[in-house]
Amino acid sequence: MRLLRVVLCGCLCPCLLLSIVAAQNTTPPAWANNPQIETKIDALLKQMTLDEKVGQLIAYSQGAPTGPGTGRTGYKEMVAKGRLGSIFNLTGADETNAMQKIAVEQSRLHIPLLFGLDIIHGFRTEFPVPLALSATWDPPLIEQTARVAAKEASHAGIRWTYSPMVDIARDARWGRIVESGGEDPYLGSAIAAAYVRGYQGEKLGGPESIAACTKHFVGYGAAEGGRDYNSAEIPDRLLRQVYLPPFQATVEAGTASFMSAFEALNGVPATANAFTLTQILKKEWAFKGFVASDWNSIGELIPQGVAKDHAVAAAKAFLAGVDMDVESNAYGPHLAALVKAGTVPESMIDDSVRRVLRIKVALGLFDHPFADGIGSNGMAPQDAVLARKAAEESFVLLKNDGGLLPLKATGKTIALIGPLADDAYQMLGAWAAKSDAKDVITLRSALTKQVEATQGHVIYVKGADILTTSDKGFTEAVGAARKSDAVVLALGEDAGLMTGEASSRAHLDLPGNQQQLLEAVMATGKPVVLLVFSGRPLVLDWADQHVPAIMEVWFPGVQAGPAIANVVLGNSSPSGRLTVSFPRAVGQEPLYYNHYNTGRPAGDTDLSHPPRYFGEKFLSRYVDEQNSPLYPFGHGLTYGTVAYSPTSASTNSISATDLNAGTAKLTVTAEVKNTGGRWADEVVQLYIRQRDTSVVRPVRELKGFRRVHLEPGASQKVGFTLGREELKFWNIDMKDVVEPAALTVWVAPNSSSGNPANVTIGQ
Ligand code: BGC
């Protein structure tokens, strides 16, 4: 998938300032077709015994279980015998070097080990969680964060990360939504490719490059009921249009490896799914890297009911296209026997080994197997600066009545209340790799420093734990609020318990008794700013009705405190935008903006009375809740006030034949103006809708975006080009083409507003 060309014009010179291309790399990565690499592998394959080949197709974990372990020990002997090719969760230059020494000195063919780790949003320097990073709508920034992670990890010997997770996540109940790039395939693809570029650098063989692992292939985020590991049913058209594009974007960006998912997809486990792993990934997309299973996902074919034992599971996963067994202990004991029995052809084993060795050679591991340990003492100062910038860009100002934010704190007393205000550990979020809570600057510390610098004063009271039924701290919290000019409340989820893997929730409200704490503080009548720390959209209906200012800050990483204080006090303007829809009620989930229309669209209905029989009842709606989200995809306020002109299109009719041939394109433009008194970073978004088509199309689809900096009074024309890539879809004949259609386009600040323009796509 190609990403849209963005045309940005200064308003005084409409045609001069042209053009950035977000990501257009569709040529295969250098390592995919390198004759030198293949010759080296040919020579190795000739010398390898079957057992040594199987050894390259196994990864075991040294500790840190996220599922049942293999119960294996004795990795050193396995490595010395060439029976184990990859180890993960072993960290530190000394530790990896010691194990690597065994591989390259004691094993017969001296093939180096590949060390892996879940480096999800930072290695040592912990950046905001991935969902927060996606809210920056800033792929180049995300690429930089991944580059820092790669630099830090590679010096410690880790050359393989189990990231990016590019699962489309439409259901806020699913705990792993925090690891995702949100609900949209277009933005998700741009973000997915950015991670890969960041991890892998200019060249996979660079000393600070690490191999990416795109996961979880595929459909894991569509788990029924939002319950982790649960089955998913995704029809082919939806799979092709929504779930596959971010995966394909990483193949085009050159990702070195893939991880198969846990769930049963349309009744066939994703780890034994030949259609997705072999037909789509290896054949249609010509992916030349290797596919690893997820943790014990081959073993889980047994409880899923498609394998009676590990031997059958190994055969099914391998024949479907899983090259490497991660922690199932199925390939090790069974693959060689399956070859000898004729169940698995040795030519397939050779292909899988070739894929693994291709990445080991491309990484330069044969020439430089050892880590130098540089930088193992901590974070570099410039990386902390990047972490702060990323956090500031990720905060989403959901609501700001009366311009309460930024807070006027000079000479004032501010009450800082809540369990997340001074909890360093929570700021690191789920999957915190080798980060250290000691590096975190909390909000309490940063806000106190900044407010005191302007002769103000901060009173801090915890008020409640994240998860508690006790209201013991309420009196002190309310007392502090009463003594203050304004209150900042830091409330939200427990990062470890409630976000990430195996952390699905059926309730999406503030946990414990934090809602009661919020209500008690609101009852003081003081101006309240609510900061929400969470790894998913929460139901903030009550807060939206009662609290004047609400900002989503996610789990912001090591620079949480300075970043939040900067934005709250106005040294920086909030510029994040939601990449997931925030519901009014859990019952709306799964909730996403790019849904189809129904034959009985309802829009938002009047809930002040039961639906009247005619005109109100027999519609696609709830009788007790609006259809719309509380805060839509793309939403986010700034401290500026940005006005959008109507959208204009370069033509009002265009030919589908020409679009399909790539000889016609359409430019869509709007002018954005900062009519407020403060600077703003606006994320300008392009949406389309197609009607009169052979299949139903979403009510809106994102097809472009651009961050624009606007000083007070400044304006810019922002233009987007739409061509075949943006307008094609999988039609009634399952052909990926542009069809004649009535096209509506919006250049808009979010997915539920904007002034449209109409274009006819003719024959
Ligand atoms: C997760 C993967 C992760 C793996 C290795 C599994 O439980 O699903 O995302 O990469 O563990 O830690």
Are there over 12 heavy-atom neighbours, none belonging to Gln545, within less than 6.0 Å of that residue's CD? yes
Does any part of the side chain of Phe582, heavy atoms only, come nearer than 4.5 Å to the side chain of Val539, both counted from C-beta? no
Aromatic Tyr220 / basic Arg176 pairing, under 6.0 angstrom, 45° off normal: no
Can the ring centres of Phe247 and Trp285 be said to be less than 6.0 Å apart? no
Nearest-0.5 Å distance, OG1 of residue Thr214 to CE of residue Met259: 10.0 Å
Six-ring centre of Trp746, Arg700 cation under 6.0 angstrom, axis tolerance 45°: yes
Enumerate donor-acceptor pairs with a distance under 3.5 Å from any side-chain N or O in residues 134-142 to protein atoms, sequence neighbours excluded.
| residue | atom | partner | partner atom | Å |
| --- | --- | --- | --- | --- |
| Ser134 | OG | Leu131 | O | 2.6 |
| Ser134 | OG | Thr579 | OG1 | 2.8 |
| Thr136 | OG1 | Leu133 | O | 2.6 |
| Thr136 | OG1 | Asp138 | N | 3.1 |
| Trp137 | NE1 | Arg577 | O | 3.0 |
| Asp138 | OD1 | Leu141 | N | 3.4 |

Can you find a heavy atom in the side chain of Leu607 that is under 4.5 Å from one in the side chain of Gln626? yes
Cation over ring, Lys399 on Trp542, under 6.0 Å and within 45°? no
Any chance you could lay out the side-chain contact (heavy atoms from CB on, under 4.5 Å) test for Asp544 and Tyr631, step after step, and finish with the verdict? CA-CA 10 Å; Asp544 182 68; Tyr631 304 119; 2.6 Å; yes
Quick check for you: to the nearest 0.5 Å, what is the distance between Phe258 atom CZ and Leu277 atom CG? 9.5 Å
For the side chain of Ser650 and the backbone of Thr667, is there at least one donor-acceptor N/O pair under 3.5 Å apart? yes
Are any of the side-chain nitrogens in Arg706 or Glu682 under 4.0 Å away from the carboxylate oxygens of its partner? no
What verdict does the side-chain contact (heavy atoms from CB on, under 4.5 Å) test give for His635 and Leu398, after you've listed the backbone C-alpha separation in whole Å, the side-chain angles of each residue and the deciding distance to 0.1 Å? CA-CA 7 Å; His635 171 71; Leu398 298 172; 4.1 Å; yes
Between Phe633 and Tyr592, ring centroids under 6.0 Å: no
Going by atom types alone, do Ser581 and Glu183 pair a side-chain donor with an acceptor below 3.5 Å? yes
Any donor-acceptor pair under 3.5 Å from Arg621 side chain to Glu616 backbone: yes
Mind checking the OH-SG spacing from Tyr199 to Cys213? Nearest 0.5 Å is all I need. 10.5 Å
Report yes or no: does Ser620 contribute a side-chain atom to a donor-acceptor pair with the main-chain N or O of Thr598 at less than 3.5 Å? no
Take Asn750 and Ser753 through the test side chain to side chain donor-acceptor pair (under 3.5 Å) and record every step on the way to the result. CA-CA 6 Å; Asn750 59 55; Ser753 61; 3.1 Å; yes
Answer yes or no: is there a donor N or O on one side and an acceptor on the other, between the side chain of Asp733 and the main chain of Lys735, under 3.5 Å? no
Note, Ser534 side chain near Thr499 side chain (heavy atom, < 4.5 Å): no
Just by modelled atom types, is the Thr271 backbone N or O under 3.5 Å from a matching donor or acceptor in the Ser297 side chain? no
Is there a donor-acceptor contact under 3.5 Å linking the side chains of Ser575 and Arg707? yes
Within-4.5 Å side-chain heavy-atom neighbours: Phe275 and Asn266: no
Tyr687 ring center near Tyr593 ring center (under 6.0 Å): yes
If we ignore hydrogens and angles and just use 3.5 Å, is the side chain of His121 paired with the main-chain N or O of Phe127 as donor and acceptor? yes
Could you measure the distance from the CD1 atom of Ile550 to the CG atom of Leu530? Nearest 0.5 Å is fine. 5.5 Å
Is the closest side-chain heavy-atom distance between Met498 and Pro511 below 4.5 Å? yes
Identify whether the distance between the nearest side-chain nitrogen and carboxylate oxygen of Lys717 and Glu671 falls below 4.0 Å. no
May I ask you to decide if Phe533's main-chain N or O and Glu552's side chain share a donor-acceptor pair within less than 3.5 Å? no
Quick one: do Asn230 and Glu263 satisfy side-chain contact (heavy atoms from CB on, under 4.5 Å)? Show the steps, please. CA-CA 6 Å; Asn230 204 5; Glu263 94 288 352; over 6 Å; no
Compute whether any side-chain donor of one residue and acceptor of the other, for Thr744 and Asn758, lie under 3.5 angstrom apart. yes
With sequence neighbours left out, what residues match Arg240 under salt bridge (Lys or Arg N to Asp or Glu O under 4.0 Å)? Glu284
Apply side-chain contact (heavy atoms from CB on, under 4.5 Å) to the pair Leu239 and Arg237, showing each step before the final yes or no. CA-CA 5 Å; Leu239 189 69; Arg237 184 171 291 107; over 6 Å; no
Partner of Asp171 under side-chain contact (heavy atoms from CB on, under 4.5 Å), chosen from Pro590, Pro583, Ser504, Pro537: Pro590
Supply the atom-to-atom distance Ile688 CD1 to Tyr186 OH, rounded to the nearest 0.5 angstrom. 10.5 Å
Between the side chains of Asn731 and Glu739, is a donor N or O closer than 3.5 angstrom to an acceptor N or O? yes
Judged by atom type as modelled, is there a donor-acceptor pair below 3.5 Å linking the side chain of His595 to the main-chain atoms of Pro698? no
Side-chain touch Leu666/Leu743, heavy atoms, less than 4.5 angstrom: yes
Should the ring pair Phe262 and Tyr229 be called parallel, tilted or perpendicular, given that the plane angle runs from 0 to 90° and is split at 30 and 60? perpendicular
With a 4.0 Å cut-off on N to O distance, would you call Glu701 and Arg697 a salt bridge? yes
So, Glu493 and Arg505, do they make that salt bridge, N to O below 4.0 Å? yes
With side chains defined as the heavy atoms from C-beta onward, is the minimum distance between Val708 and Asp681 less than 4.5 Å? no
Tell me if a side-chain donor or acceptor on Gln685 pairs with a main-chain N or O of Val683 at a distance below 3.5 Å. yes
Taking the side chain as everything from C-beta on, heavy atoms only, tell me whether Leu659 gets closer than 4.5 Å to Lys728. no
Salt-bridge contact Arg173-Asp228 (side-chain N to carboxylate O under 4.0 Å): no
Please check: side-chain N/O of Ser573 versus main-chain N/O of Tyr639, any donor-acceptor pairing under 3.5 Å? yes
